[in-house]
*Asks:* 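My questions will all concern the structure given below.
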Protein chains: 2
Amino acid sequence: MVDVVVFGIIDDLRTLFIKRQSKEEAPDEPFPNHWALPGGHVEIHETVEQAGERELFEETNARNVFMEQFHTFSGPDRDPREPTISTAFYALVRPDTLVLEARSDAKDIGWFSMNHLPKLAFDHADILKMALERLRDKALRQPIGFELLPKKFSLGQLQSVYEKILGRALDKSNFRRDFLRMGILEELSEREEGVSHRPSQLYRFNKRTYDNLKKTGFRFEI
Amino acid sequence: MVDVVVFGIIDDLRTLFIKRQSKEEAPDEPFPNHWALPGGHVEIHETVEQAGERELFEETNARNVFMEQFHTFSGPDRDPREPTISTAFYALVRPDTLVLEARSDAKDIGWFSMNHLPKLAFDHADILKMALERLRDKALRQPIGFELLPKKFSLGQLQSVYEKILGRALDKSNFRRDFLRMGILEELSEREEGVSHRPSQLYRFNKRTYDNLKKTGFRFEI
DNA sequence: ACAAAAGTGTTTGTTGTACACCCATGC
DNA sequence: GCATGGGTGTACAACAAACACTTTTGT
């Protein structure tokens, strides 16, 4: 099996859950009416990565999304029906680019803020908890903030993303200095428009430069 | 399935492999006479962690060993017989405490230095490569060097372990300063004996202090 | 003029890095 | 006395952290 923790930013950091069917709709299914992570079985010809991507696509119609395996959960009691082994992934998406769609076997689909979670099915609360830990760890060591932003963004937006992931405030001056020093941001000739304050400079992430730097032993770190 | 990469230090950093049977002994088994990682199936009542521990015990008679899950490998072509999904672990042991034992279905068992590896079965070379990456990453952020040393050790031994894990030289003065500053080493009233140079002070790792420090947000780092 | 966020500069203390050097022991 | 690894001290550069300040926009 695979389970996918989908992170996106809508005001704050949120994750995507799917509502399971009621007792009447599916008498044999455990955790009726509970919210659960998107996921499912691995097909015979697939890798677990492919299965994760497929499941995500089925729910969100999103392709080419940042996704990383982080842990495999197992044990005889995870699912009351039978022992299961499930590899868990976290994915980073931009919610505005998705087309959510509750499939036949799901009643509903929705975003939940980390501080207002519903009751979750199975051990999905544990999976979510670990996903968040890993995401935070990752954010400090690899430039993944961009995955949650549009191509063009301001340093203010970028800082905000990192603050939401890490759950703590960052110093503006230091954040900018550090990020610009790395040289992986490309300054565009565009600026923000229509805001009632000084418009911000827009940047984009230069993946090529980052990849080159990585080869030379450079280590991203916040 | 589970696979276990067992690391130990014998002169340099080595890993434990098991020799598969020959074509004559087991005509239907793939990779005859190849060396392979210890591993096997997950029993119905087990977690993958328990399966990893069991497999390790069966080969080495070692219990209570540091072991960590690091990745799940999958895909239809990993095993020529059938698609398999295997969760991989790395373990840290002290080779002198083990009782190696080639089980019925294995011809031989042995330690191999990372720079003199034999031809490996399946995708075990990939698994080993990732295990080493993860081990190095871990070594920089968590005090695991002790797992490869006896209870009592000198700072020189400790530094040597880290150098072997990381594959690069470390500055003696800085290494000592940093480690002692953390306060997780307990100075013993013993010193090294019978060496033809100044005898070294012996220490032991104080896990309780480390756990307390961790709670206060302390982060081990080299 | 004011609010609001963008953007800059500076100061202070801490840490990383690279050395040079002294110490205790066996041979 | 010499070789060997243990153990210490220091100087410089780089960096983290905290904070105050200036700039540019819309209302």
Side-chain angles (χ1 to χ4, degrees), chain A residues 9 11 136 139-141 145 149-150 152-164 166-204 213 216-222, chain B residues 9 11-12 136 139-141 143 145 149-150 152-164 166-204 213 216-222:
Chain A
I9 290 184
D11 300 331
R136 287 183 169 164
L140 294 173
R141 317 196 191 300
L149 285 172
K152 305 172 185 181
F153 53 85
S154 69
L155 285 175
Q157 287 176 292
L158 187 60
Q159 180 178 346
S160 167
V161 165
Y162 276 91
E163 289 180 336
K164 283 164 183 169
L166 299 175
R168 61 185 163 91
L170 299 172
D171 183 275
K172 182 172 44 155
S173 174
N174 300 330
F175 181 84
R176 304 175 139 259
R177 185 179 8 78
D178 293 348
F179 244 102
L180 291 175
R181 182 164 50 194
M182 294 183 218
I184 58 178
L185 294 185
E186 194 173 329
E187 189 174 326
L188 302 174
S189 52
E190 289 174 68
R191 332 180 95 250
E192 200 180 15
E193 273 172 31
V195 287
S196 81
H197 55 75
R198 178 170 173 177
S200 55
Q201 178 65 47
L202 295 182
Y203 295 83
R204 73 169 165 221
L213 276 173
T216 71
F218 159 87
R219 276 185 57 198
F220 174 89
E221 211 159 311
I222 294 187
Chain B
I9 290 185
D11 299 332
D12 40 12
R136 286 183 170 165
L140 295 173
R141 315 195 193 302
L149 285 172
K152 306 173 184 180
F153 54 85
S154 70
L155 284 174
Q157 287 176 292
L158 186 61
Q159 181 178 346
S160 166
V161 165
Y162 275 92
E163 290 180 337
K164 283 164 184 170
L166 298 174
R168 61 185 163 91
L170 300 171
D171 183 276
K172 183 175 41 158
S173 172
N174 301 331
F175 181 86
R176 308 176 136 258
R177 182 179 13 78
D178 294 348
F179 243 102
L180 291 175
R181 182 164 51 192
M182 294 182 219
I184 58 179
L185 294 186
E186 195 173 328
E187 190 173 328
L188 301 174
S189 51
E190 290 174 67
R191 332 179 95 250
E192 202 180 11
E193 273 171 30
V195 287
S196 80
H197 54 74
R198 179 171 171 175
S200 56
Q201 179 63 49
L202 295 182
Y203 295 84
R204 73 169 166 222
L213 277 173
T216 71
F218 160 86
R219 278 185 56 200
F220 173 88
E221 211 160 311
I222 294 186

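Labels below follow one simple rule: chain letters A, B, ... track the order of the sequence lines, proteins then strands, and each chain is numbered from 1.
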*Asks:* For A:Arg191 and D:dT23, what is the distance between atoms CZ and P respectively, to the nearest whole Å?
*Replies:*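 In whole Å, D:dT23 P lies 15 Å from A:Arg191 CZ.
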*Asks:* Give a yes/no on whether any side-chain N or O of B:Arg181 is located under 4.0 angstrom from OP1 or OP2 of C:dG16.
*Replies:*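 Yes, such a contact exists.
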*Asks:* Let's see if you can work this out: which of C:dG7, D:dG9, C:dG26 has an atom nearest to the side-chain heavy atoms of B:Ser173?
*Replies:*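 Per side-chain heavy atoms of B:Ser173, the pick is D:dG9.
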*Asks:* Once you round it to whole Å, what is the distance between C1' of D:dG6 and CG of B:Leu188?
*Replies:* 16 Å
*Asks:* Starting at atom CG of A:Asp178, determine the distance to atom C1' of D:dA17, rounded to an integer number of angstrom.
*Replies:* 10 Å
*Asks:* Atom CE of A:Met182 and atom P of D:dC15: how far apart are they, to the nearest Å?
*Replies:* 11 Å
*Asks:* Can you measure from CD (A:Gln157) to CG (A:Leu202) and round to the nearest 0.5 angstrom?
*Replies:*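 Between atom CD of A:Gln157 and atom CG of A:Leu202 there are 7.5 Å.
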*Asks:* Can you find a donor-acceptor pair, distance only, under 3.5 Å between B:Lys172 side chain and D:dG7 base?
*Replies:* yes
*Asks:* Which value, rounded to the nearest 0.5 Å, describes the distance between B:Gln159 atom CD and B:Phe175 atom CZ?
*Replies:*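 Going from CD on B:Gln159 over to CZ on B:Phe175, the span is 5.5 Å.
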*Asks:* Output the rounded distance in Å from CD (B:Glu193) to C1' (C:dA24).
*Replies:* 14 Å
*Asks:* Please state whether the phosphate of C:dA5, meaning OP1 or OP2, lies under 4.0 angstrom from any side-chain nitrogen or oxygen of A:Arg198.
*Replies:*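 No.
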*Asks:* Select from A:Tyr203 and A:Asn174 the residue whose nearest nucleotide in DNA chain C is closer to the 5' end of that strand.
*Replies:*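 Looking at DNA chain C, the more 5' nearest nucleotide goes with A:Tyr203.
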*Asks:* Ignoring hydrogens and angles, state whether a donor on the side chain of A:Ser154 or A:Glu192 is under 3.5 Å from an acceptor on the partner side chain.
*Replies:*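 A:Ser154 vs A:Glu192: no donor-acceptor pair found between side chains.
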*Asks:* Within the pair B:Arg177 and D:dT10, is there a side-chain N or O less than 4.0 Å away from OP1 or OP2?
*Replies:*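 Checking D:dT10 against B:Arg177, no side-chain N or O comes under 4.0 Å of OP1 or OP2.
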*Asks:* Rounded to the nearest Å, what distance is computed from the CZ atom of residue A:Phe179 to the P atom of nucleotide D:dA16?
*Replies:* 13 Å
*Asks:* I need the B:Leu180 CG to B:Tyr203 OH distance, nearest 0.5 Å.
*Replies:*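 Result: 5.0 Å between the selected atoms.
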*Asks:* What is the nucleic acid contact for B:Gln201, judged by heavy atoms within less than 4.0 Å: base, sugar-phosphate only, or nothing?
*Replies:* sugar-phosphate
*Asks:* Tell me: CG of A:Leu180 to P of D:dA16, nearest whole Å?
*Replies:*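 In whole Å, D:dA16 P lies 14 Å from A:Leu180 CG.
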*Asks:* Report the nucleotide, chosen from D:dG7, D:dA16, C:dC19, that has the shortest atom-to-atom distance to any side-chain atom of B:Ser200.
*Replies:* D:dG7
*Asks:* Going by an N to O cut-off under 4.0 Å, is there a salt bridge joining B:Lys152 and B:Glu190?
*Replies:*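 Salt bridge between B:Lys152 and B:Glu190, a charged N being under 4.0 Å from a carboxylate O: yes.
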*Asks:* By nearest nucleotide on DNA chain D, pick out whichever of B:Arg176 and A:Val195 is the more 5' one.
*Replies:* B:Arg176
*Asks:* Quickly work out the B:Asp171 CG to C:dC21 P distance and round it to whole Å.
*Replies:*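 Distance check: B:Asp171 CG to C:dC21 P gives 15 Å.
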